[in-house]
Number of protein chains: 2
Amino acid sequence: MDSMAKILLAEDEPALGQIVKESLETKGFQVLLCKDGQEALDTYYQAKPQLLVLDVMMPKKDGFTLAKEIRMQDATIPIIFLTAKSQTQDVVEGFTLGGNDYLKKPFSMEELIVRIKNLLNHRKDQVPSEMSIGDYIFGFKQQTLTYKKEEPIKLTHREAHLLFHLHNNKNQVLDRSIILKKLWGDDDFFNARSMDVFITKLRKKLKRDERIQIVNVRGFGYKLIC
Amino acid sequence: MDSMAKILLAEDEPALGQIVKESLETKGFQVLLCKDGQEALDTYYQAKPQLLVLDVMMPKKDGFTLAKEIRMQDATIPIIFLTAKSQTQDVVEGFTLGGNDYLKKPFSMEELIVRIKNLLNHRKDQVPSEMSIGDYIFGFKQQTLTYKKEEPIKLTHREAHLLFHLHNNKNQVLDRSIILKKLWGDDDFFNARSMDVFITKLRKKLKRDERIQIVNVRGFGYKLIC
DNA sequence: AATCAGTGTTAACGAGTGTTAACCGTTTTG
DNA sequence: CAAAACGGTTAACACTCGTTAACACTGATT
């Protein structure tokens, strides 16, 4: 299984990229090495790898921006970020949940391999594609909400991710800034307002079961009650 | 209350499973014994237990993988892992946060029972979602006050928390500074006045049942009488 | 190339929530 | 009794959030 896995590696420093590529290949992975973010995005669409290893600082498109675009296409593909130690902790942490992980440079190859194997193996188990919310069934990967036996309601990427995090923290207050960093990568005024819009959209789509509520906690965040 | 608690026990070794099941049953728990991870997952969905005791090493689906899936459904259900001593410490520790705990095999039944009771009791303290105050039903989680069969009155976050603390200390004087520190994080002049405003608001919303009163104890705090 | 549908962002306005100030009566203190 | 302290209540205010709609961007289709 692992032996066939296709890995996309985006690293702008040629020497490092080559070493990592070769090391991974000796472990039986197929490695696609890209030297900048744009090339990585193109390669992603073309080759559909099972896992991404992205340098954060890259020409043309940085790792986070790239990751966000790819997450629009695939909500669950595991991503490992390679970060320089100068990278601030909190920015990185915003990305580490979900199918993500990160490694600080310099890192050992063993460590990278362990994490790759871990993400590839446990992936299927980590995100059970369907979860129940009240009388709804929420298909995260399918991006659908199904009320009892009715026609599934389609969710957009943002809606599905937002609901996913709310559900993971159901009956607890989920901090605005945590959601914003996870979904938008940053916490600024406009993102915050955008998020409010999606809360409205989710409330509409969830209103068939009145036991389910998304309650606001002023100044802190939202709480999914079910 | 505990006596009615449903516990899911997943343990692949039949002899051990049977012993634990019977021991817990003599303590008044209802025990659902499953012999592998897959069966446990099915049983979980069907029976909705209040607590899980999972062997880590099991056929079909190991305890950690199982726990992850169940956590997607319920982020707060307490889980106790049973681990062989060969299990490395650090792997186990990754799972001990949240509502989790673990026991190294071999373990004593007393120890298991203590931990079960501990987790079940703590949990109840954490979220007794509904409590009755006179003829009202106070939904703390839902932030509502329902008088008999009428339309629920909505409470704001502050109102709900304030009432929650008053109710937790009903018929006793609750010190001003304690509430202020818990709800406002600090005890200063302005917060104190703000709190008085909320007391007024609560009194209004509680006035349908005249047996309920929020009495001021000059210089000390408030007392909820019901 | 032009149009269209889907998605996400920005803007604008109104409603909800919490804080502060002001005024009042009551109780305590000197 | 007068002054001070305390608390009740209301209203004004500032800030946050809910909601709608317009707009921008992307891909797909014709």
Side-chain angles (χ1 to χ4, degrees), chain A residues 38 41-42 44-46 61 65-66 68-75 142-145 152-163 166 173-177 179-180 182-207 213-224, chain B residues 143-145 152-163 166 173-177 179-180 182-207 213-224:
Chain A
Q38 188 56 53
L41 188 59
D42 297 340
Y44 166 78
Y45 281 117
Q46 192 200 318
K61 212 184 264 289
T65 309
L66 177 58
K68 270 188 259 176
E69 294 190 33
I70 290 174
R71 268 287 138 77
M72 293 288 168
Q73 304 303 318
D74 184 333
Q142 294 90 336
Q143 300 184 181
T144 54
L145 257 183
I153 304 165
K154 281 185 190 167
L155 298 175
T156 69
H157 293 96
R158 285 268 195 256
E159 287 167 353
H161 274 259
L162 181 52
L163 183 54
L166 284 167
V173 179
L174 181 53
D175 203 87
R176 287 187 85 90
S177 64
I179 309 178
L180 285 169
K182 275 192 191 155
L183 282 185
W184 276 267
D186 191 17
D187 171 1
D188 65 38
F189 172 77
F190 291 111
N191 289 339
R193 295 325 319 277
S194 195
M195 175 176 144
D196 294 338
V197 173
F198 282 97
I199 291 287
T200 298
K201 288 176 179 173
L202 281 180
R203 285 204 257 241
K204 274 186 190 163
K205 293 187 175 177
L206 285 169
K207 73 180 167 199
Q213 286 181 65
I214 301 176
V215 180
N216 172 258
V217 181
R218 190 187 170 87
F220 292 93
Y222 292 93
K223 187 164 67 164
L224 175 68
Chain B
Q143 300 183 184
T144 54
L145 258 183
I153 304 165
K154 281 185 190 168
L155 298 176
T156 69
H157 185 239
R158 283 260 195 266
E159 287 167 352
H161 275 259
L162 181 52
L163 183 54
L166 284 168
V173 180
L174 182 53
D175 202 87
R176 290 186 83 92
S177 64
I179 309 178
L180 286 169
K182 278 202 176 149
L183 280 184
W184 276 265
D186 193 16
D187 171 2
D188 64 37
F189 172 76
F190 292 113
N191 289 339
R193 294 323 320 273
S194 195
M195 175 176 144
D196 294 337
V197 174
F198 280 98
I199 291 288
T200 299
K201 288 177 178 172
L202 280 180
R203 285 204 258 243
K204 274 186 188 164
K205 293 187 175 177
L206 285 168
K207 73 180 167 199
Q213 286 182 66
I214 301 175
V215 182
N216 173 257
V217 181
R218 193 184 171 88
F220 293 93
Y222 293 94
K223 184 162 73 165
L224 175 67

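Quick note on labels: first sequence line is chain A, next is B, and so on, each numbered from 1.
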Legend entry - Counterpart residues, side-chain hydrogen bond (donor to acceptor under 3.5 Å, both in side chains), relative to S177(A) (two or more places apart): D175(A)

Inset, instruction - Using the test ring pair (Phe, Tyr, Trp, His ring centres under 6.0 Å), find all partners of H161(B) that sit at least two apart in sequence or belong to another chain. - result: F140(B), H157(B)

Legend entry - K207(B): salt bridge (charged side-chain N to carboxylate O under 4.0 Å, His left out) partners, not counting sequence neighbours: none

Inset, instruction - Could you check whether K154(B) gets within reach of a base, just the sugar-phosphate, or nothing at all, counting any heavy atom under 4.0 Å? - result: nothing

Legend entry - Counterpart residues, salt bridge (charged side-chain N to carboxylate O under 4.0 Å, His left out), relative to D196(A) (two or more places apart): R176(A), R193(A)

Inset, instruction - Check the distance between dT9(C)'s C1' and K201(A)'s NZ and give it to me in whole angstrom. - result: 9 Å

Distances for protein N or O near nucleotides 21-30 of chain C N or O, under 3.5 Å:
residue, atom, partner, partner atom, Å
dT27(C), O2, R218(B), NH2, 3.4

Inset, instruction - List for me each residue that meets side-chain contact (heavy atoms from CB on, under 4.5 Å) alongside N191(A), sequence neighbours excluded, and say none if there are none. - result: L180(A), W184(A), D186(A), D188(A)

Legend entry - chain A contact limits on DNA chain D, taken 5' to 3' with a cut-off of 4.0 angstrom to heavy atoms: dC15(D) to dT20(D)

Legend entry - Partner set under side-chain hydrogen bond (donor to acceptor under 3.5 Å, both in side chains) for Q38(A), not counting sequence neighbours: D42(A)

Inset, instruction - Describe the nucleic acid contact of N216(B) in one word from base, sugar-phosphate, nothing, applying a heavy-atom distance below 4.0 Å. - result: sugar-phosphate

Inset, instruction - Rounded to the nearest angstrom, tell me the gap between atom CG in L202(A) and atom P in dG8(C). - result: 11 Å

Inset, instruction - Output all residues satisfying salt bridge (charged side-chain N to carboxylate O under 4.0 Å, His left out) with K205(A), sequence neighbours left out; order by chain, then residue number. - result: E159(A)

Inset, instruction - Let me know, please, whether S194(B) or F198(A) comes out on the 5' side of the other along DNA chain C by nearest nucleotide. - result: F198(A)

Inset, instruction - Take the protein atom CD1 of I199(A) and the nucleotide atom P of dA15(C), then report the distance between them rounded to whole Å. - result: 21 Å

